[in-house]
Colleague: 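One structure, pasted below without further comment.
What you are looking at is a predicted structure, and each value in this text was computed from that prediction instead of being measured. Letters A, B, ... mirror the listed sequences (proteins, then strands); counts begin at 1.
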Amino acid sequence: MNIDRESSESEAPAYHLILEGILILWIIRLLFSKTYKLQERSDLTEKEKEELIEEWQPEPLVPLVSKDHPSLNYDVVTGPPSHKIIVNGKECVNFASFNFLGLLESERVKLKALSSLKKYGVGTCGPRGFYGTFDVHLELEERLAKFMRTEEAIIYSYGFATIASAIPAYSKRGDIIFVDEAACFSIQKGLQASRSFIKYFKHNDMEDLERLLKEQEIEDQKNPRKAKVIRRFIVIEGLYINTADLCPLPELVKLKYKYKVRIFLEESMSFGVLGEHGRGVTEHFGVNIDDIDLISANMENALASIGGFCCGRSFVIDHQRLSGQGYCFSASLPPMLAAAAIEALNIMEEDPGLFRVLRDKCKHVHKALQGTPGLKVVGEPLAPALHLQLENSSGSRTDDLKLLRAIVDYVRYNNRSEAKGRKRCGRKKCTSNRDNHTLKRIVKQNPFKNVGEIHKEWTVAGVSASRTTTHRRMQDMGFSCRIPCVKPLLNNRQHQKRLASKRTGLLLSGPKLCSLMKVNFAFPLEIRVPESGGREERHTIHVA
Amino acid sequence: MQLLNRKYLFSFSCKMRFSKLFYSQLLKLMFYSVLFFVCRQKSKMNVGVAHSEVNPNTRVMNSRGIWLTYALGVGMLHIVLLSIPFFTVPVVWTLTNVIHNFGMYVFMHAVKGTPFETPDQGKARLLTHWEQLDYGVQFTSSRKFFTISPIILYFLASFYTKYDTAHFVINTASLLSVLIPKLPQLHGVRIFGINKY
């Protein structure tokens, strides 16, 4: 023990004391150093910063706007939007709606929504995590998952926010997303929010995408540790809103497995439109739905509700319940609309014939719009929403917009029956183009009716025109009347002919007579020439 | 607190599929759970309530009571090691020093990112905890405290090991491994690309 105590009192070695001294000095320095932020190097000197500040001129808070800015001259819609829509007091056919299946005016859906309104009230007043989850939400999620044949689905209360929340929930800084150039605005906002590296490939160009994927693969091989940490996604739309054409899904699935990328499919336009049962572009192409990692769709188009949903594998969708910003931090879908969506799904499931009817109508409209001079139709025949573009752009956007506006105004005001100014001088038309179309439709429906009945029907449809007018119109359109109401009177020549033929029997003209003369009859033929000289020599043969 | 823990645990379980250092994150999470249990009263970090802190990792070392917890933790470690009958006092001190420095290196300078998901889309995914402290501001009080504490421990250890050469080498190497990463010049630096991604 004594020896130990003695050795413990031995001097510390010199190097140790020096080290301890350095450490104590270090502590003192530490205690007296000020906190500072590690500056990100900026390349501007103070003088340059001052110069920039001097140069800056503030823009006016309210900039000057021209009087014919389109937002200042808007059209006012009154009444409910359905097949017909009343714009500025005039009833028009509604081609500006995304109500593809017509479920917006379905009585079943409306009744269900009203009963739900009576039961739950209007809003939920809370996000999903804070007393905003109702049984209709859970039921709708289950029904959607079952309809799309995936494991789980999640509902958002705003269609735009669906894909814009889904993308940043999975893709963070440092990850790579390959997007089609024609991606819609909500996808672009989602990409911006995700802070990832975005690589655009040309629209529907699989070679371009493959080139980008190959470049990424080469970079990954250079740095495999980095490659293990970053995630790669492809974001595509089933039916693009901006160009109305389909994505080549089977090739994309092949690329997915070749380059180990995840696919996010946005099906707003194709849900309830494509496929045998309306399940979207995966059913249309016959692709296994488990190959797509996430399907996101808007319920505001074919399903005629509000909000959106995402569906996919359970572990993928579950992540959005805490990370989907639009899910966690927005009030949930009003239960009235959720009930309406459930009823719409019921209708879709009961009657898959709806989709065939829709596709036929789309093809019909696509064909009918071809050949408009100056405008070209952009989009697939299957697409329920098409683009009409100017064939030759003038180069400036404002001029193009003005021209399109002029076309719209011309079409809107062209059907007026009262003429104005020098536009319609000359004989006044008593029926408008629209009335003529109505007449055409009536005639086509009833090919065997006579003019009187058609005239009656046309009058019932709201046109004031006489029977002679209907007859004239029908002849102009190329329909000949089958049954004349009034038998025409014979003129003099016709009358004499008939009398003569009755009196004399057969009346034959020259060539026929010659050929008859060559025949040997059993009985003798007597040929009598009539007294009156007609235009042609007519001989009568009296069979004795 | 239940809500917060559950959220963290849930995000943590989702993050598992993406994180490489599974067990280190697990350890870190256990450490946090112990911490929350200890400093639950009047904590500056507002444990268990909604807060607008984007990355809580930056503020946790400023929480009320955490320095005391840390000191007590080191004391507990030392007492446990002392209770083991086979170790002599110098060995125990060296062991305390080494285990403390090893734990500090792993938690502060090796494990990257956060055990929970942050709303800033993964800004701190490639940063160690030391680099995340106070959003990268250098020489704040908690940074000073955690730089000085291994030095104090080193002084004590070198005294109690009677300046023996072998112990000296081990203790100094361990101290350097924990002091050098704390220099502001080495903020965000990954030598030889180790631990970069």
Colleague: Compare every heavy atom of B:R125 with every heavy atom of A:V229, then report the nearest pair and how far apart it is.
Modeller: O-NH2, 3.6 Å
Colleague: Who passes ring-ring contact (aromatic ring centres under 6.0 Å, His included) against B:F139, sequence neighbours left out?
Modeller: A:Y36
Colleague: Count the heavy atoms of every other residue, nucleotide or ligand shown that sit under 6.0 Å from CD of A:Q221, and state whether that count exceeds 12.
Modeller: yes
Colleague: Using a cut-off of under 4.5 Å on heavy-atom pairs, state which of A:K172, A:R173, A:Q325 scores highest against chain B.
Modeller: A:R173
Colleague: Could you work out, with salt bridge (Lys or Arg N to Asp or Glu O under 4.0 Å) as the rule, every residue matching A:K258, not counting sequence neighbours?
Modeller: A:E210
Colleague: Which class fits the ring pair A:H16 and B:Y154: parallel under 30°, tilted 30 to 60°, perpendicular over 60°?
Modeller: parallel
Colleague: Is the closest side-chain heavy-atom distance between B:D134 and A:T35 below 4.5 Å?
Modeller: no
Colleague: Sequence neighbours excluded and cut-off under 3.5 Å, please list the side-chain donor-acceptor pairs for residues 144-153 of chain B, or say none.
Modeller:
unit_1 : atom_1 : unit_2 : atom_2 : d
B:K144 : NZ     : A:S33  : O      : 3.0
B:T147 : OG1    : B:R143 : O      : 2.5
B:S149 : OG     : B:Y70  : OH     : 2.7

Colleague: What residues of residues 82-93 of chain B sit under 4.5 Å from chain A when only non-hydrogen atoms are counted?
Modeller: none
Colleague: To the nearest 0.5 Å, tell me how far A:L38 CG sits from B:E131 CD.
Modeller: 10.0 Å
Colleague: Quick one: what part of A:L19 sits under 4.5 Å from any heavy atom of chain B, side chain, backbone, both or neither?
Modeller: side chain
Colleague: Near A:Y15 OH, under 6.0 Å, is it more than 12 heavy atoms from other residues, nucleotides or ligands?
Modeller: yes
Colleague: Would you find more than 12 non-hydrogen atoms of other residues, nucleotides or ligands less than 6.0 Å from A:F233 atom CZ?
Modeller: yes
Colleague: Checking A:F32 against chain B: side chain, backbone, both or neither under 4.5 Å from a heavy atom?
Modeller: neither
Colleague: OH of A:Y200: more than 12 outside heavy atoms within 6.0 angstrom?
Modeller: yes
Colleague: Could you check if a side-chain atom of A:R195 sits within less than 4.5 angstrom of a side-chain atom of B:K123, using non-hydrogen atoms only?
Modeller: no
Colleague: Are the side chains of B:Y197 and A:I230 in contact, using a 4.5 Å heavy-atom criterion?
Modeller: no
Colleague: When rounded to the nearest 0.5 angstrom, what is the spacing between NZ in B:K196 and CG in A:N223?
Modeller: 7.0 Å
Colleague: Measuring from B:T140:OG1 to A:K37:NZ, what's the distance to the nearest 0.5 Å?
Modeller: 12.5 Å
Colleague: In terms of heavy-atom pairs under 4.5 Å with chain A, which of B:G193, B:S141, B:P119 leads?
Modeller: B:G193
Colleague: Side chain, backbone, both or neither: which part of B:L175 has an atom under 4.5 Å from a heavy atom of chain A?
Modeller: side chain
Colleague: Answer with side chain, backbone, both or neither: which region of A:S196 has an atom nearer than 4.5 Å to a non-hydrogen atom of chain B?
Modeller: neither
Colleague: Should B:E117 and A:L322 be marked as a side chain to side chain contact (heavy atoms under 4.5 Å, CB included) after you check the CA-CA gap, both sets of side-chain angles, and the distance that decides it?
Modeller: CA-CA 10 Å; B:E117 243 187 62; A:L322 281 177; over 6 Å; no
Colleague: For A:S194 and B:Q121, work out which heavy atoms get closest and say how close.
Modeller: O-NE2, 3.1 Å
